[in-house]
Amino acid sequence: MRRFAVTAAVVVLAGLALAGGASASQLIDRNASGVQIAVNAKGEMLLTYHKAGAVKHVLVWGAVNALPPAEGTHQVKFRVDYAGGWGKYRTLYWKTFRGSCGAYDGPALPNVVAACKAPDGSYWAAQSWPQPLPDLGYTPWNDARRADWLEVSHWTGPVAQLETGMTWVYNGRFQDLFGRYTYRGQPVYGFGTTRYGAPTDGFGALIYLDTYNSVYGPGWRRENSFVSHNPTGAFCYGFYPFDPTKGGYAHPPGQTATRGPGTGEKYRLFAEGPGVTPDVAVIVPGLHTFDPRNAQDVALEQQGSATLQSYGDKSCRAGL
């Protein structure tokens, strides 16, 4: 437990500086360990963890689930008090927080470090994972790229779903991973991205793609990330060679050779949960080299093309 050998004036300033709204990404901190959560009947969660030799107490409240995409409006987001409740209540609230952590019986989630069932039946979870890994299979070359991001969520009912498939494109030359991202049966999408594809509003969600035992090396490597499309919620990713000096890719100094294709034995998708719902994930088996003389390969390619076309997504027609 931290020692509070500070004056009242300093504590007031700290509470004011650290209380506020969280971003739509649900990011709370980086490189946290020993994460614990407690929740109460007021819809609050107290998050306690260790970082850099100190114990942190963070109070989170004010949001649940997600709103459907609506241009010109705002997605739900948490209120976050990094002073453990001082910013909200002007007391050392974390010391007297009356909460518990009911046994979690909700859906299976990736990268969970703590999860609870609240008195009202809703769920809270904390997930920690290496979100900022470099694309194109590079080994992280600095601490920022190796960081684990701690994110929190609060929801009722079903979580978001990733529907996925694999096919070949451009007459079998390249593998293509595709699918749709939905929440409660409705597409998940945003209304704008940067020129490098990052969402610019609270409704867009990044989907992170990892490849296993690929040309980049053994084990899991980050291949890329992308958003699901407006208005279908569809996505499609072709495993092509990439020039790391173009498209906004970060790369280690001096490593500018063409990367990929990053085809692997299998693939892993992590998707940011819409609103304040949890991140979700799915494993997708890879494909073998396409054989135009193999009737099963031809049928699978045709089936994949038909599924992609059924989405009605203009951005997913290349190479079909």
Test of ring centre spacing under 6.0 Å for Tyr181 and Tyr183: no
Cluster overlap Phe242 with Phe226, hydrophobic side-chain contacts below 4.5 Å: yes
Within 45° of the six-membered ring axis of Tyr212 and under 6.0 Å from that ring's centre, is NZ or CZ of Lys266 located there? yes
May I ask you to test the Thr232-Pro187 pair for a side-chain heavy-atom distance under 4.5 Å? no
Got a donor-acceptor contact below 3.5 angstrom from the Thr194 side chain to the Ala198 backbone? yes
Can any side-chain N or O of Arg221 pair as donor or acceptor with the backbone N or O of Gly137 at less than 3.5 Å? yes
Would you confirm whether Asn111, through its side chain, and Trp129, through its main-chain N or O, come within 3.5 Å as a donor-acceptor pair? no
Less than 6.0 angstrom separating the ring centers of Tyr93 and Trp86, yes or no? no
Looking only at atom types and distance, does a side-chain atom of Thr277 sit under 3.5 Å from a main-chain N or O of Pro274, one as donor and one as acceptor? yes
Ignoring hydrogens and angles, state whether a donor on the side chain of Asn65 or Thr156 is under 3.5 Å from an acceptor on the partner side chain. yes
Indicate if Val159 and Phe203 have the same hydrophobic cluster label, given that clusters are the connected sets of ILVMFWY residues with side-chain heavy-atom separations under 4.5 angstrom. no
Just verifying a value: how many Å separate Ser305 OG and Arg317 CZ, rounded to the nearest 0.5 Å? 12.5 Å
I need the minimum non-hydrogen distance between Pro199 and Val227, along with the two atoms involved. CD-CG1, 3.8 Å
Taking atom types as modelled, is there a side-chain donor on His251 or Thr256 under 3.5 Å from an acceptor on the other? no
Side-chain donor/acceptor of Thr200 to backbone N/O of Gly192, under 3.5 Å: yes
If you define the side chain from C-beta out and look only at heavy atoms, does anything of Gln75 sit under 4.5 Å from Leu67? yes
Expected output: side-chain Ser228 to main-chain Ala234 donor-acceptor under 3.5 Å: no
Straight-line distance of Ser225 OG to Leu206 CG, nearest 0.5 Å: 5.0 Å
Between Ser214 and Thr211, is there a donor-acceptor pair closer than 3.5 Å when you use the side chain of the first and the backbone of the second? no
Aromatic ring centroids of Phe235 and Tyr237 under 6.0 Å? no
Quick check on the hydrophobic clustering: are Val112 and Phe270 connected, directly or via other members, by side-chain heavy-atom contacts under 4.5 Å? no
Between Asp105 and Lys117, is the salt bridge (Lys or Arg N to Asp or Glu O under 4.0 Å) condition met? List the steps. CA-CA 7 Å; Asp105 60 0; Lys117 188 173 185 177; 3.2 Å; yes
So, Glu265 versus Asn213: side-chain donor-acceptor pair below 3.5 Å or not? yes
Between Pro158 and Pro107, is there a side-chain heavy-atom distance shorter than 4.5 Å? no
Would you say Leu269 and Tyr208 are hydrophobically clustered, going by side-chain heavy atoms of ILVMFWY under 4.5 Å? no
Check step by step if side-chain contact (heavy atoms from CB on, under 4.5 Å) holds for Val35 and Thr48. CA-CA 6 Å; Val35 178; Thr48 304; over 6 Å; no
Going from CG on Leu177 to CE on Met166, what distance comes out if it is rounded to the nearest 0.5 angstrom? 5.0 Å
With a 4.5 Å heavy-atom cut-off, do Leu109 and Gln127 have their side chains touching? yes
Would Asp201 and His74 count as having a side-chain donor-acceptor pair, cut-off 3.5 Å? no
Correct closest heavy-atom pair for Cys116 and Ser100 would be SG-O, 4.5 Å
Salt bridge flag under 4.0 Å for residues Asp29 and Lys51: yes
Measure centre to centre between the rings of Trp124 and Tyr104, then say whether the value is under 6.0 Å. no
Is there a donor-acceptor contact under 3.5 Å from the side chain of Arg268 to the main chain of Asp210? no
Restricting to pairs with a member in residues 132-144, which pass side-chain hydrogen bond (donor to acceptor under 3.5 Å, both in side chains), not counting sequence neighbours? Asp143-Arg146
Tell me whether the guanidinium CZ or amine NZ of Lys88 lies under 6.0 angstrom from the six-membered ring centre of Trp61 and within 45° of its axis. yes
With heavy-atom distances below 4.5 Å as the criterion, would you say the side chains of Val298 and Phe290 are in contact? yes
Not counting sequence neighbours, list each pair that qualifies as a side-chain hydrogen bond (donor to acceptor under 3.5 Å, both in side chains) and has a residue in residues 166-175. Gln175-Tyr267
Verdict with reasoning, Leu320 to Gln309, per side-chain contact (heavy atoms from CB on, under 4.5 Å): CA-CA 9 Å; Leu320 297 180; Gln309 292 178 15; 3.9 Å; yes
Between CG of Asp313 and CG of Asn230, what distance do you get to the nearest 0.5 Å? 9.5 Å
Separation between CH2 of Trp149 and OG of Ser128, rounded to the nearest 0.5 Å: 11.5 Å
Passes side-chain contact (heavy atoms from CB on, under 4.5 Å), Val152 versus Leu47? Steps please. CA-CA 9 Å; Val152 297; Leu47 183 68; 4.0 Å; yes
In the structure I gave you, are the side-chain heavy atoms of Val80 and Ile28 within less than 4.5 Å of one another anywhere? yes
Please name the pair of heavy atoms, one in Cys236 and one in His229, separated by the smallest distance, quoted to 0.1 Å. SG-CE1, 4.1 Å
Should Ile207 and Val284 be regarded as members of a common hydrophobic cluster, given that ILVMFWY residues are connected when their side-chain heavy atoms come within less than 4.5 Å of each other, either directly or indirectly? yes
Under a 3.5 Å distance rule, please check whether Asp279 uses its side chain to pair with a backbone N or O of Gly273 as donor and acceptor. yes
When every non-hydrogen atom of Ala66 is compared with those of Val76, the smallest separation belongs to CA-CG2, 4.0 Å
Closest approach of Ala32 and Leu150, non-hydrogen atoms and distance? CB-CD2, 3.7 Å
Reported CG-to-CD distance for the pair Leu133 and Glu223, which is rounded to 0.5 angstrom: 12.5 Å
Does any non-hydrogen side-chain atom of Tyr216 lie less than 4.5 Å from one of Arg259? yes
Kindly indicate whether the side chain of Glu44, heavy atoms from C-beta on, has any atom under 4.5 Å from the side chain of Val39. no
Could you pull out the closest heavy-atom pair between Tyr196 and Gly248, with the gap in Å? CE2-N, 3.3 Å
Begin with the C-alpha distance, continue with both residues' side-chain angles, and end with the deciding distance and a verdict on side-chain contact (heavy atoms from CB on, under 4.5 Å) for Leu308 and Cys316. CA-CA 7 Å; Leu308 268 171; Cys316 287; 3.8 Å; yes
For Gln36, look at atom CD and say whether over 12 heavy atoms of other residues, nucleotides or ligands are found less than 6.0 Å away. no
Without swapping roles, check the side chain of Ser122 against the backbone of Ala118 for a donor-acceptor pair under 3.5 Å. no
Please walk me through it: do Tyr249 and Asn224 pass side-chain hydrogen bond (donor to acceptor under 3.5 Å, both in side chains)? CA-CA 9 Å; Tyr249 293 109; Asn224 223 318; 2.9 Å; yes
